[in-house]
Amino acid sequence: MKIYNTLTRKKETFSPLEEGHVQLYVCGITSYDYCHIGHARSGLVFDMVVRYLRYRGYKVTFVRNFTDIDDKIIARAAEQGVDSGKLAERFIDEFYTDMDALGALRADIEPKATEHIQEMIELIQELIDKGLAYPAGGDVYYRVGKFPDYGMLSGRKLEDMQAGARVDVNEQKEDHMDFVLWKGAKPGEPKWESPWGEGRPGWHIECSAMSRKYLGKNFDIHGGGKDLIFPHHENELAQSVGANACSFANLWMHHGFVTIKDEKMSKSLGNFLTIRDVLREYPAETLRFLIFSTQYRNPLDFSETALQDAQTGLDRMYDCLAQISRLVLAAETGSDSLIGQKDQKKIQSMRQRFEKAMDNDFNSAQALGHLFDGIKVLNKVCRMLAHQQGSAEDLELLKQAGATIQELAGLLGVLQQDPVQYFQEKKEALLAASSLSEEEINALIAERNAARQNKDWAASDAVRDTLLAHNIELHDGPDGTSWGVKA
RNA sequence: GGCGACGUAGCCAAGCGGUAAGGCAGAGGUCUGCAAAACCUUUAUUCAGCGGUUCAAAUCCGCUCGUCGCCUCCA
C-alpha cells in the first residue's frame with residue numbers, strides 16, 4: 001500500500017511499526033456547534049481508511065479526540081449564557097448523532113481534552129525542564145527557536161513566517177512565533193490547577209499528550225484536514241518530538257477541503273452547510289458516495305448538482321444489484337454458458353482492480369470507477385440471461401459478482417442495503433409525498449389497460465399524462481405495466 | 001509579501017514516462033401502439049499556454065496565465 005505523507009511530500013510504501021497493527025490518531029472536532037459537510041468528509045475519509053486497513057488484514061487502533069475546552073467553546077457558552085462544559089458535551093452528542101447517521105464507525109478510543117489535564121501538565125513540565133518552554137505571566141509558551149526542525153511538516157521557515165506574520169502582539173512571548181501551551185485563567189473562565197497557576201491547556205498540547213498516552217511516543221499515522229497542518233500539527237510535532245526526543249507520527253495524512261463554488265467551506269465565510277441540512281434532503285449513502293467520488297486529498301466542490309449526480313450513480317449501482325438478485329431467484333439454467341471470456345475476466349478482476357486503486361493512496365474515485373466498469377458488463381450479462389438460459393455457472397458468477405460489489409462498496413460504506421428493498425423503500429417514501437394513493441394509481445392503470453386493449457390510444461395516453469402530472473411514471477414491460485415515482 | 005496545491009470532454013473525475021478509466025448530461029439504438037423508464041453503443045488525435053529533457057510526456061523540468069489554500073480559529 002502506498003500512502004501520501006505530508007511530511008515527505010510523497011507517496012510512501014506503508015508499513016506499520018508493529019507488524020500487522022496500525023496505530024492511527026486523528027484530530028477530531030472542537031465541540032461548540034453542529035458539524036458541517038467538511039467534518040463529514042473528515043469523519044468519512046478516516047472511516048474509509050480504517051475499514052480498508054482492516055480489510056487488508058491490519059489490526060487498527062483508531063484514536064480520535066474531542067477538543068472540549070477552548071476559546072471558541074468558552075465564547076459560545078458565554079454568548080448563550082450556558083456552562084461551557086455542558087455546551088461542549090452537548091455538541092459531542094450532536095457529533096455522534098451526525099456521524100451515526102452517516103454510518104461512520106466510532107473510533108476505538110475517543111479521549112477528551114478535559115479528561116487529560118494531568119497528562120498535559122506533565123508534558124508541559126517536561127518541555128520546561130528541557131528548556132523548550134517557559135512560563136510567563138501565568139501562561140506557558142513553547143520556545144520555537146529552540147526546536148531546529150520547526151516548520152518541517154508545513155514546509156516553511158521561521159524567518160519567512162516572521163516576515164509576513166500576522167500574529168498578535170504579545171508582550172509576554174520571547175518571540176512572536178512562540179505558541180501557548182498553558183493559558184492562565186481570566187476571571188470567570190473554566191480553570192484547572194497547575195504549577196503555573198490556575199488555567200487551561202492550549203489547543204495543541206492535548207493531541208501530544210493524548211496520542212502519547214494511547215499510542216505511545218512513536219506511532220504510525222496522524223491525520224486531519226489540510227488546514228490543521230499549520231499551526232496545529234506543526235506545533236504538536238514540535239511538542240512531541242521536543243519532549244520525547246524521538247520520532248512522532250511516521251506518516252501524516254491530510255484530506256482536502258469541501259468547497260462551495262470553489263471556496264473553502266468555513267464558519268468564518270458563512271458558506272457552510274451542516275450535515276443535518278444535507279441529510280434532510282438526501283440519504284447518507286448519497287453523501288458518502290459523493291465524498292468518495294473524489295480522491296481524499298483533492299478539494300471536493302459541493303453542490304446540489306453534484307449530489308444529484310451521486311444519487312443517480314448510486315441508483316444505477318443498486319439497479320444492477322436488483323437485477324442480479326431477481327435473475328438469480330428466477331432464472332432457469334441450461335447447459336451452455338453465455339458469458340464470454342472477456343466479460344468473465346472483467347467481472348472476476350473487479351476485486352483486484354478495486355484493491356489496486358485503494359492501495360494507491362486510497363483512490364476511492366478510481367475504485368468506484370472499476371466498480372462501474374464491472375456493472376456495465378454485469379448489466380449486459382443480466383440482459384442476456386433474461387432472454388436466454390445461461391448455465392448454472394453463469395448464475396453463480398453473477399451472484400458472486402453482486403456479493404463482491406456489495407462487499408467492496410461496503411469499504412466505502414455504500415451499497416449496503418438490500419437492492420430490492422432499497423427501491424421499494426424509495427418508492428414508498430416518494431409515494432408518501434405524492435398526491436395519489438397506491439389504490440388510485442392501480443385503478444388508473446387498470447383503466448388505461450382497458451383502453452389499450454381497445455386500442456384507444458388517446459384515452460390510454462390521457463391516463464398516462466394524468467399520472468405523470470402526479471409524478472407517477474409508467475413502465476410498460478413484457479409482463480405488464482409497473483410504475484414508479486419520479487424523484 | 002512568503003510557502004504550497006491544482007488546471008484533463010458541457011459538468012464531475014481517474015491517470016504518477018509507454019500512447020486518455022469511470023460517473024452525470026448529450027446523441028444514436030433495443031424495447032414500445034407511440035412514449036417513458038431501463039439497458040446497449042457512442043462522445044477528448046488530446047490533457048491551461050509556451051518552451052525543454054526523452055525513442056516515447058497529461059505524466060519529468062522551466063517560464064507564463066488562471067483558480068484555490070495555508071501563513072489568524074478552522075476538517
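Labels below follow one simple rule: chain letters A, B, ... track the order of the sequence lines, proteins then strands, and each chain is numbered from 1.
Put simply, A:His39 has a side-chain N or O that comes within less than 4.0 Å of OP1 or OP2 on B:A75. Between A:Asn379 and B:C40 there is a side-chain N or O to OP1 or OP2 distance below 4.0 Å. Put simply, A:Lys267 has no side-chain N or O that comes within less than 4.0 Å of OP1 or OP2 on B:A75. Note on A:Asn298: a side-chain N or O is less than 4.0 Å away from OP1 or OP2 of B:A14. Taking side-chain N and O atoms only, A:Asn363 has a distance below 4.0 Å to OP1 or OP2 of B:G15. A close approach under 4.0 Å does occur between a side-chain nitrogen or oxygen of A:Arg316 and OP1 or OP2 of B:G23. Side-chain N/O atoms of A:Lys11 include none lying less than 4.0 angstrom from OP1 or OP2 on B:C16.
Taking only side-chain atoms of A:Arg383, from C-beta outward, the nucleotide of B:A75, B:G22, B:U30 with the closest atom is B:U30. Comparing B:G22, B:C39, B:A75 by their nearest atom to the side chain of A:Ser42 picks out B:A75. Considering only the side chain of A:Trp457, B:G33 comes nearest among B:A75, B:C71, B:G33. Comparing B:G22, B:A75, B:G15 by their closest approach to the side chain of A:Phe372 singles out B:G22. Among B:A36, B:C16, B:G33, the nucleotide with an atom closest to any side-chain atom of A:Arg452 is B:G33. Of the candidate nucleotides B:G22, B:C34, B:C73, B:C73 has the atom lying nearest to any side-chain atom of A:Lys72. When distances are taken from the side chain of A:Arg448 to each of B:A75, B:G33, B:A14, the shortest belongs to B:G33. The side chain of A:Lys380 sits closest to B:C40 out of B:C70, B:G15, B:C40. The nucleotide whose nearest atom lies closest to any side-chain atom of A:Ala365 is, among B:C71, B:A14, B:A25, B:A14. Among B:A75, B:A37, B:G23, the nucleotide with an atom closest to any side-chain atom of A:Leu228 is B:A75.
On the C1' atoms, B:U43 is 16 Å away from B:C12, given to the nearest whole Å. Rounded to the nearest Å, the gap between the P atom of B:G22 and that of B:G33 is 34 Å. For the P atoms, the distance from B:A21 to B:A58 is 13 Å, rounded to whole Å. Taking atom P in both B:A38 and B:G23, one finds a spacing of 14 Å when rounded to whole Å. A distance of about 23 Å separates the C1' atoms of B:U41 and B:C34, rounded to the whole Å. For the P atoms, the distance from B:A5 to B:U59 is 16 Å, rounded to whole Å. Straight-line distance between the P atoms of B:A36 and B:A25: roughly 14 Å, to the nearest whole Å. One P atom belongs to B:A48, the other to B:G7, and the distance between them is 7 Å to the nearest Å.
The two residues A:Cys27 and A:Arg64 make their nearest non-hydrogen contact at C-CG, 4.3 Å.
Distance, A:Asp262 CG to B:G69 P: 9 Å, rounded to whole Å. If you measure from atom CG of A:Leu300 to atom P of B:A5, you get 20 Å, rounded to the nearest angstrom. Between A:Glu473 atom CD and B:C34 atom C1' the separation is 16 Å, expressed in whole Å. We find that NZ of A:Lys356 is positioned 11 Å from P of B:G15, with the value rounded to whole Å. Atoms CG (A:Leu378) and P (B:C39) sit 13 Å apart, rounded to a whole Å. Between A:Tyr318 atom OH and B:C39 atom C1' there is a gap of 21 Å when expressed in whole angstrom units. A straight line from CG of A:Asp301 to P of B:A5 spans 21 Å, rounded to a whole angstrom. Between the CG atom of A:Asn235 and the P atom of B:U72 there is a distance of 10 Å, rounded to whole Å.
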List the steps, then state whether salt bridge (charged side-chain N to carboxylate O under 4.0 Å, His left out) holds for A:Lys10 with A:Asp361.
CA-CA 10 Å; A:Lys10 50 181 193 250; A:Asp361 199 24; over 6 Å; no
Decide side-chain contact (heavy atoms from CB on, under 4.5 Å) for A:Glu189 and A:Lys183; before the verdict, give the C-alpha distance in whole Å, the side-chain angles of both, and the deciding distance to 0.1 Å.
CA-CA 11 Å; A:Glu189 287 182 348; A:Lys183 289 184 181 184; over 6 Å; no
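Among the atoms of the strands shown, base atoms are found under 4.0 Å from some heavy atom of A:Gly369. Nucleic acid contact for A:His254: none, since no nucleic acid atom lies under 4.0 Å from a heavy atom of the residue. Across all strands, A:Ser460 comes closer than 4.0 Å to base atoms (heavy-atom distances). At the heavy-atom level, A:Asn360 lies under 4.0 Å from the strands shown only through sugar-phosphate atoms. Across all strands, A:Val45 comes closer than 4.0 Å to no nucleic acid atom at all (heavy-atom distances). Across all strands, A:Asp227 comes closer than 4.0 Å to base atoms (heavy-atom distances). In this structure, A:Arg156 reaches the bases: a heavy-atom distance under 4.0 Å links it to at least one base atom across the strands shown. As judged by a 4.0 angstrom heavy-atom cut-off over every strand, A:His232 is placed among residues making no nucleic acid contact. Nucleic acid contact class of A:Gln308 (heavy atoms, under 4.0 Å, all strands): none.
Taking the six-membered ring wherever Trp is involved, the centroid distance between the rings of A:Phe179 and A:Tyr142 falls below 6.0 Å.
The neighbour count for A:Lys427 NZ, taken as heavy atoms of other residues, nucleotides or ligands under 6.0 Å away, is above 12.
With sequence neighbours excluded, no residue forms a side chain to side chain donor-acceptor pair (under 3.5 Å) with A:Gln388.
Ring pair A:Phe362/A:Tyr52 is perpendicular by interplanar angle, where above 60° counts as perpendicular and below 30° as parallel.
Aromatic stacking is not marked for A:Phe257 over B:G69, as the cut-offs of 5.5 Å for the centres and 30° for the planes do not both hold.
If you check distances only, the side chain of A:Ser154 never reaches the base of B:G4 with a donor-acceptor pair under 3.5 Å. If you check distances only, the side chain of A:Asp476 never reaches the base of B:A36 with a donor-acceptor pair under 3.5 Å. At a cut-off of 3.5 angstrom, the base of B:A35 holds at least one donor-acceptor pair with the side chain of A:Arg464.
Ionic pairing of A:Asp175 and A:Arg143 is not present here: no N-O contact between side-chain nitrogen and carboxylate oxygen is shorter than 4.0 angstrom. Using a cutoff of 4.0 Å between basic side-chain nitrogens and carboxylate oxygens, A:Glu285 and A:Arg288 are not scored as salt-bridged. Salt-bridge check for A:Asp343 with A:Lys346: failed, with every basic side-chain N at 4.0 Å or more from each acidic carboxylate O.
Of the two residues contacting RNA chain B, namely A:Ala458 and A:Gly313, the nearest-nucleotide position lying further toward the 5' end is that of A:Gly313. Ranked by how close their nearest RNA chain B nucleotide is to the 5' end, A:Tyr4 and A:Leu474 are led by A:Tyr4.
The partner of B:G7 is B:C65, judged by Watson-Crick or G-U wobble contacts that both fall below 3.5 Å. Base pairing of B:C16: no nucleotide in any strand meets the Watson-Crick or G-U wobble criterion (both distances under 3.5 Å).
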